[in-house]
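Report on the following structure.
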Amino acid sequence: MRRRGRLAVAAAAVLALALIGSALAANGARSAKAPIIIGWAFDGNGSMAPFDGPALAAAKLQINAVNAKGGVLGRKLKLLTCDTQGNKPDVAKACALRLVQQKANVIFTTCDVDLAAPVVRVAIDRGILAVASCIGTDQMGPKRFGTKGRLAFSFGNVAQDEGSAMAQYAWNRGWKTAALATDTVIVYFRNVVQAFEARFRQLGGKIVTHETYQSLGGNNVQNAVSRLNSAKADVIVTSTAGAFGALSTMITGLRSVGNNTPVLNSWAGDGTYWLPANPKVTNYWFVTFASSFGDDPSKAVNRLAKQVKAATGGFITGPSAVDGVVTAIKRAHGSTKGIVLARVMEHFKNVPTISGNVSFSPKLHTVFGRRYRVIRIQNNVPKVVGTIVAKVVAKI
Amino acid sequence: MTVDWQTIADAFGLGGMYALMAVGIGLVFGVLRLVNFAYGQLVMAGAYSLAFAYERGWPVWVGILLCFAVVIVLSVAMDWVVFRPLRTQTPAVMLVATFAVAFLLQSIALLWFGSLGKIAASLSSLNQPWTVGGVDIRKISIVATVVAAGCLLALVLLLGRTNVGLHMRAAALDFRTARLLGVRANRVIGTAVLLSGLLAATVAVLMTVQTPLVTPDFALRDTILVLAGVVLGGMNRLISATLGGFAIGFASGFLGGALPTNQSQYLPSFLFAAVILVLLIRPGGLFTRFGQQAAERV
Amino acid sequence: MRRARAALELLAPVLLVVLVALFGTIVSSSTQTYVVTTLVNVAIVVALYLFIGNSGVLSFGHISFVAVGAWTAGILSMPASEKPAIMPSLVGFLRDTTVGNVPSLALAAAVGAAYALLVGLPLMRLSGLAAGIATFGVLEITHNVLRYWEKIGPGLNTFSAVPETTGLLQACVGALIAIVVAFAYQWSRYGRMLRATREDPAAARAVGVSVYGQRLLAFTLSGAVAGLAGGLYVHLLPVNAESFYLDLTFITLAMLVIGGATSLWGAVVGAVAVSAVDSFLAEAENGVNVFGRTLDLPSGTRIVVVGTLMALVLILRPAGLTGGRELRVPRALRRSVLTKFSA
Amino acid sequence: MTTPALELDELEVRHGAVQAVRGISLTVDRGEIVGLIGPNGAGKSSTLHAVMGLVPPGGGDVRLHGNSVVGRSPEDVARSGIALVPEGRRIFAELTVDENLRLGSAGRRFGDLDSVYELFPVVRDFRKRHAGALSGGQQQQLAIARALIARPEVLLLDEPSLGLAPQMVDAVFEALAQIRDSGIAILLVEQRAQRTVALADRSHVLANGRLRLTLGPDAANDTETLVSAYLS
């Protein structure tokens with residue numbers, strides 16, 4: 001027994017020593033030319049990893065390209081990363097603090113506002129601009145983070161804009177009635193469908209039914225399938241990510257009972273990794289930032305897509321965010337102070353980036369007005385079938 | 001409330017699937033007195049095997065063979081590395097150990113295959129329905145239920161009528177005495193673990209029919225529900241455990257259909273409230289004879 | 001001698017916690033995050049210990065009490081101006097009431113206790129697996145309701161505007177309060193009665209101890225400590241409903257069992273040891289400097305190593321690192337030092 | 001001289017730092033009952049456990065018909081022909097009497113049911129009942145019957161009379177005599193010294209892990225010798 005007690009103490013002591021070691025972590029050495037440091041707290045292996053990873057990889061390429069052309073006002077861009085390991089809140093916060101210690105001028109964060117919150121808090125509390133590459137709600141900004149939230153921006157498309165674009169596309173295709181299927185597990189999914197409904201009604205469309213289900217292990221998708229199958233509509237509209245599990249189940253379920261109603265999804269439904277073998281997916285549409293399948297209207301996009309092996313079009317938000325931040329720094333005459341950059345960015349109006357023109361407003365710190373790619377999947381093969389820009393940002 | 005025959009058909013299908021999972025969990029409990037929380041990760045591993053085969057374009061039957069091989073190896077390894085050394089420990093330690101194993105397997109899957117998920121090769125034609133009076137009854141519902149009933153029957157006969165089964169029960173009740181009588185206890189328990197592995201692999205094959213995307217948390221929620229169902233039904237007998245599994249699956253499917261759609265997100269609350277209520281009224285199990293208490297290894 | 005034993009039983013965990021906190025003062029602000037989290041984890045695991053360790057009944061429901069504590073403290077201490085953004089549907093009195101840091105923690109403990117009492121009233125009649133599944137059901141229901149019911153909280157949103165008042169000092173004090181409460185309880189007659197029911201329920205009943213009553217008392221008390229820990233948590237990190245669900249339940253239970261479920265010392269050692277390994281590996285994945293050398297582990301090492309270590313400790317030392325016993329001083333020391341204490 | 005059925009040769013057993021058995025040697029031959037008596041903690045049960053392979057011997061040897069069984073697992077020892085009636089009977093209360101009997105033959109031929117029934121009629125009468133429903137004495141009979149069913153060469157009994165009513169003790173000892181007559185070697189561990197000495201062909205007194213004294217049946221009424229053997 002005494003031995004056990006001692007063992008425990010010894011173990012604790014060793015661990016303590018190890019932690020002391022880690023306390024002496026490396027300090028970022030400052031280079032003489034004073035580069036602009038972008039710190040990126042990304043998710044290396046959790047639920048956001050498939051989105052953060054390609055965005056980060058593509059951003060690196062973009063940063064190299066900017067530096068090759070002489071950098072920003074003569075200063076090089078330097079990227080420092082920290083892995084939040086599945087966006088564990090304590091690791092995320094520690095990462096953000098670490099990046100601050102390493103003198104990051106701008107801090108990039110993960111693709112979900114709730115998971116990004118620890119990082120955003122650390123950055124904006126210290127007057128540093130916080131940028132998300134692909135958060136899709138209107139919450140990355142003052143709406144969610146109050147006055148200091150002025151320093152928070154996202155280069156994702158705001159759900160209100162995306163849902164509105166989806167409605168416009170559906171209406172243009174001649175779909176007059178829609179069945180809504182809301183995945184309630186995250187706010188972005190809900191907002192997209194709400195925005196679709198608002199805009200679709202405005203255009204004169206009719207909503208046949210509202211169904212809800214829960215991805216991420218909820219076992220009621222089959223119930224939603226049966227209900228959707230009994231509703232007669234021109235299109236079934238949903239917003240859910242393939243990786244969250246319910247999408248494959250829902251499409252397989254619908255198609256194997258012989259229901260071939262078109263399904264329209266948001267950027268969340270991008271990618272081919274989730275396509276079931278049999279029956280093959282057909283009559284499936286989604287809107288996205290860019291095509292990751294090599295047929296994007298923009299050559300630059302296609303080149304990047306090939307280099308980073310992106311699973312979804314979200315990868316383009318990484319370099320797009322870099323472009324946006326570079327423009328902001330230029331317009332701020334080289335300042336990297338958070339509030340200065342924020343003031344500039346709030347007035348972005350159709351600022352060109354690799355993923356098209358982006359706009360912000362003092363109220364909306366997430367992109368609207370971007371040109372969406374519409375991709376259709378037939379027999380498991382995706383193909384760009386058009387582009388669309390939302391005329392209005394839907395009110396929800 | 002919209003309760004129709006379609007809802008009942010869907011609920012029945014879910015019940016059949018959960019009953020099949022319950023047979024495997026109930027068998028391990030019956031023989032090892034162990035609540036194996038990592039059972040779902042066995043199913044997950046099997047499903048990833050199917051996905052592995054699909055990614056390489058192998059025929060479905062090769063994937064199924066691979067699935068069985070992987071799950072069986074994994075379950076036997078689990079028995080050797082974890083269950084055997086802990087056989088005499090308290091239920092809390094054993095349960096937490098299975099948590100650790102589950103957590104570990106899930107982490108490995110996450111690192112190995114990523115969080116996007118992989119599509120599994122499957123017997124997807126089973127997803128097609130027979131339409132009876134306007135109600136779509138998916139073939140998988142029938143298959144799952146029949147397989148569950150078949151496995152249950154086979155195991156009940158094995159446990160009740162054969163010497164191997166007798167030895168299994170004896171080893172479960174009193175490991176040491178069974179060995180003193182000449183029962184090769186580690187071997188018979190290993191057999192039970194192997195059988196539960198077979199069942200897990202079967203579950204993996206059938207579950208991917210309706211849920212073709214395999215993620216690291218594949219079958220996790222289902223395992224939790226089935227565990228609740230098995231305790232609810234009564235863990236001491238395989239039949240009551242299986243019925244418990246069926247009941248919770250059916251209840252889940254039924255409530256999912258009967259709840260207004262905007263309340264569907266509260267389904268877990270309704271379900272677990274029912275579970276708690278039943279446990280308070282019949283702590284020994286819904287399908288056990290009155291007065292029998294579920295007894296875990298103490 | 002009895003007093004000496006009691007003194008050590010309290011001092012050992014207190015000292016360990018203070019050491020951890022002192023360690024937190026010499027590290028970088030980023031590493032300090034992990035130290036503070038470790039201290040909050042100590043409070044949670046001590047809450048688990050208070051009930052599970054003394055009663056021998058497994059509970060999967062305690063993280064619910066942590067969650068309601070976090071909800072209480074989070075909602076009430078958030079500035080009223082920030083509330084509408086995160087919690088647009090909040091009911092009136094929650095929307096209009098704002099309290100300070102300390103009252104919010106006290107209320108978190110009170111709500112944790114009240115919820116535990118409410119849940120315990122029916123559930124403490126159960127034992128064994130039925131109790132395990134029923135408490136798990138509580139976790140499921142709590143998580144589900146907190147996640148979607150936007151009238152009483154942020155729903156799916158993260159508590160991103162709660163004042164970050166849990167620093168080293170507050171976390172340390174919180175952990176110490178938890179330890180003192182657990183200690184006082186286990187040395188009280190109620191604690192002894194409950195442990196008697198753990199060893200032999202029938203015998204305890206025979207001498208007039210109400211198993212139900214004693215369990216309910218411990219459950220409520222541990223609910224208070226868990227609620228306090230939840231309050232500390234929400235003042236430390238932007239948490240949401242997912243933060244108080246399966247992962248936290250399993251990791252804290254593992255901490256308890258790994259430390260040794262039947263002693264306060266075991267609970268604290270388990271929480272500190274597992275948190276330390278976990279934090280060190282988390283740091284190492286992003287590169288740490290250990291004695292002059294940079295250690296940079298590949299992504300994902302942490303979760304696999306932590307899982308493996310947990311399984312290994314359980315297999316090799318099923319009674320936990322401390323063997324489930326309180327710390328005793330070696331005999332030689334005992335005479336010289338402890339006689340002074342008891343004198 | 002033929003090799004004895006069971007032979008313990010300088011057997012030692014350690015439990016951690018404690019030496020429970022310190023080198024004992026004895027033999028049991030076919031058709032013999034050998035008693036092993038002594039106070040609590042003398043090392044009697046440890047001896048049986050070492051024979052069965054439940055604890056590894058710290059030294060010495062155990063031979064069945066001249067072949068060492070040391071190092072084998074309990075189930076292998078049982079299969080090679082040594083049966084133990086464990087302390088506290090250890091019948092499977094949840095199983096039927098019949099199933100308990102079937103377990104006795106695990107891994108060995110299913111032996112002579114009739115002679116077992118003849119020896120213990122109660123086992124036949126309650127065949128279909130749960131073993132837990134039997135009285136203590138009946139359970140002890142079942143435990144012995146279960147050990148006999150596989151026709152072992154050596155039968156070890158650990159305190160078979162513990163907790164039984166006097167008439168039951170009589171019945172059990174009577175049965176043991178009959179079993180001996182059928183040619184089985186019996187090693188009987190008991191606390192009831194006097195009865196054991198009277199029944200056994202010879203009895204060894206064990207104290208502090210050592211054999212102190214060997215008594216013949218005639219010593220059964222020599223209370224003085226018995227008491228002094230215990231107290232030595």
Side-chain angles (χ1 to χ4, degrees), chain A residues 43-51 53 86 180-185 209-230 241-253 255-259 271-280 311-312 380, chain B residues 2 4 6-7 9-11 13-14 17-18 54 60 107 110-111 114-129 131 134-136 138 208-215 217-222 224-225 249 252-265 267-268:
Chain A
D43 179 3
N45 51 34
S47 60
M48 284 295 133
F51 307 106
L180 304 183
T182 308
D183 181 0
T184 65
V185 299
T209 179
H210 297 80
E211 301 300 339
T212 65
Y213 61 95
Q214 283 75 44
S215 61
L216 294 174
N219 56 7
N220 58 1
V221 188
Q222 215 59 47
N223 296 114
V225 168
S226 289
R227 286 165 160 174
L228 288 169
N229 188 38
S230 61
F244 284 26
L247 185 56
S248 316
T249 308
M250 184 162 71
I251 306 283
T252 312
R255 298 305 186 232
S256 44
V257 292
N259 184 316
T272 51
Y273 61 90
W274 60 272
L275 295 176
N278 180 28
K280 288 199 166 109
T312 81
N380 280 7
Chain B
T2 49
D4 51 25
Q6 187 60 55
T7 301
D10 292 343
L14 199 56
M17 187 70 73
Y18 283 8
Y54 173 69
V60 175
S107 307
L110 180 66
L111 291 181
S115 58
L116 267 188
K118 302 252 177 228
I119 283 292
S122 69
L123 306 165
S124 42
S125 55
L126 287 180
N127 209 10
Q128 282 154 11
T131 308
V135 176
D136 293 324
R138 291 178 194 272
T208 48
V209 170
Q210 281 194 301
T211 315
L213 188 82
V214 188
T215 47
D217 61 355
F218 190 81
L220 178 69
R221 293 286 313 163
D222 307 281
I224 290 173
L225 282 176
S252 180
F254 186 79
L255 275 172
L259 282 176
T261 183
N262 60 356
Q263 297 298 313
S264 75
Q265 58 202 20
L267 174 61

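Chain letters run A, B, ... following the sequence lines, proteins first and then strands; every chain starts at 1. On a predicted model such as this, the values are computed, not experimentally measured, just so you know.
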**Request:** Mind checking side-chain hydrogen bond (donor to acceptor under 3.5 Å, both in side chains) for Thr215(B) and listing every partner two or more places apart, or none if nothing turns up?
**Result:** Asp217(B)

**Request:** Please determine, among Gly13(B), Gly117(B), Pro129(B), the option with the most heavy-atom pairs under 4.5 Å with chain A.
**Result:** Pro129(B)

**Sidechain-backbone polar pair: Asn223(A) side chain, Gly253(B) backbone, donor-acceptor under 3.5 Å** = yes

**Nearest heavy-atom neighbours spanning Ser115(B) and Gly46(A)** = OG-O, 2.8 Å

**Asked** Contact part of Asn262(B) toward chain A, heavy-atom cut-off under 4.5 Å: side chain, backbone, both or neither?
**Response** backbone

**Item:** Smallest separation among heavy atoms of Leu110(B) and Asn45(A), with atom names
**Value:** CD2-O, 3.1 Å

**Prompt:** Relative to chain B, which segment of Gln214(A) carries a heavy atom at a distance below 4.5 Å: side chain, backbone, both, or neither?
**Reply:** side chain

**Item:** Any Thr211(B) side-chain heavy atom under 4.5 Å of Val221(A) side chain
**Value:** no

**Item:** Heavy-atom side-chain contact between Thr249(A) and Leu213(B) under 4.5 Å
**Value:** no

**Prompt:** Residues two or more places apart in sequence or in another chain: which of them pass ring-ring contact (aromatic ring centres under 6.0 Å, His included) with Tyr54(B)?
**Reply:** none

**Fill in**
Closest heavy-atom pair, Ser264(B) versus Thr212(A), reported as atoms and distance to 0.1 Å, is OG-OG1, 2.8 Å

**Prompt:** Does the side chain of Ile119(B) reach to within under 4.5 Å of the side chain of Ser248(A), using non-hydrogen atoms?
**Reply:** yes

**Message:** Heavy-atom cut-off 4.5 Å, strictly under: side chain, backbone, both or neither for Ala311(A) against chain B?
**Reply:** side chain

**Whether Ser124(B) side chain and Asn278(A) backbone form a donor-acceptor pair below 3.5 Å** = yes

**Item:** Region of Val225(A) in contact with chain B, defined by heavy-atom distances below 4.5 Å
**Value:** side chain

**Request:** Heavy atoms only, distances under 4.5 angstrom: which of Thr312(A), Thr252(A), Asn219(A) has the most pairs with chain B? Name it, please.
**Result:** Asn219(A)

**Reported CG-to-CD distance for the pair Leu14(B) and Gln222(A), which is rounded to 0.5 angstrom** = 8.5 Å

**Message:** Taking side chain as everything from C-beta outward and backbone as N, CA, C, O, which of these in Leu255(B) sits under 4.5 Å from a heavy atom of chain A? Side chain, backbone, both or neither.
**Reply:** neither

**Complete:** Interatomic distance, CG@Asn220(A) vs OG1@Thr261(B), rounded to 0.5 Å, equals 8.5 Å

**Prompt:** Relative to chain B, which segment of Ser47(A) carries a heavy atom at a distance below 4.5 Å: side chain, backbone, both, or neither?
**Reply:** backbone

**Prompt:** Roughly how far, to the nearest 0.5 Å, is the CG atom of Asp4(B) from the OG atom of Ser230(A)?
**Reply:** 7.5 Å

**Message:** Measuring only between side-chain heavy atoms, which start at C-beta, is Arg138(B) closer than 4.5 Å to Ser256(A)?
**Reply:** yes

**Prompt:** Do you know the tightest heavy-atom contact between Arg221(B) and Leu216(A)?
**Reply:** CG-O, 4.3 Å

**Message:** Need one label for Leu220(B): side chain, backbone, both or neither, based on atoms under 4.5 Å from any heavy atom in chain A.
**Reply:** neither

**Fill in**
Okay, Leu275(A) and chain B: the region with an atom under 4.5 Å from a heavy atom over there is backbone

**Request:** Pick whichever of Ala246(A), Gly44(A), Gly218(A), Pro50(A) has the most heavy-atom pairs under 4.5 Å with chain B.
**Result:** Pro50(A)

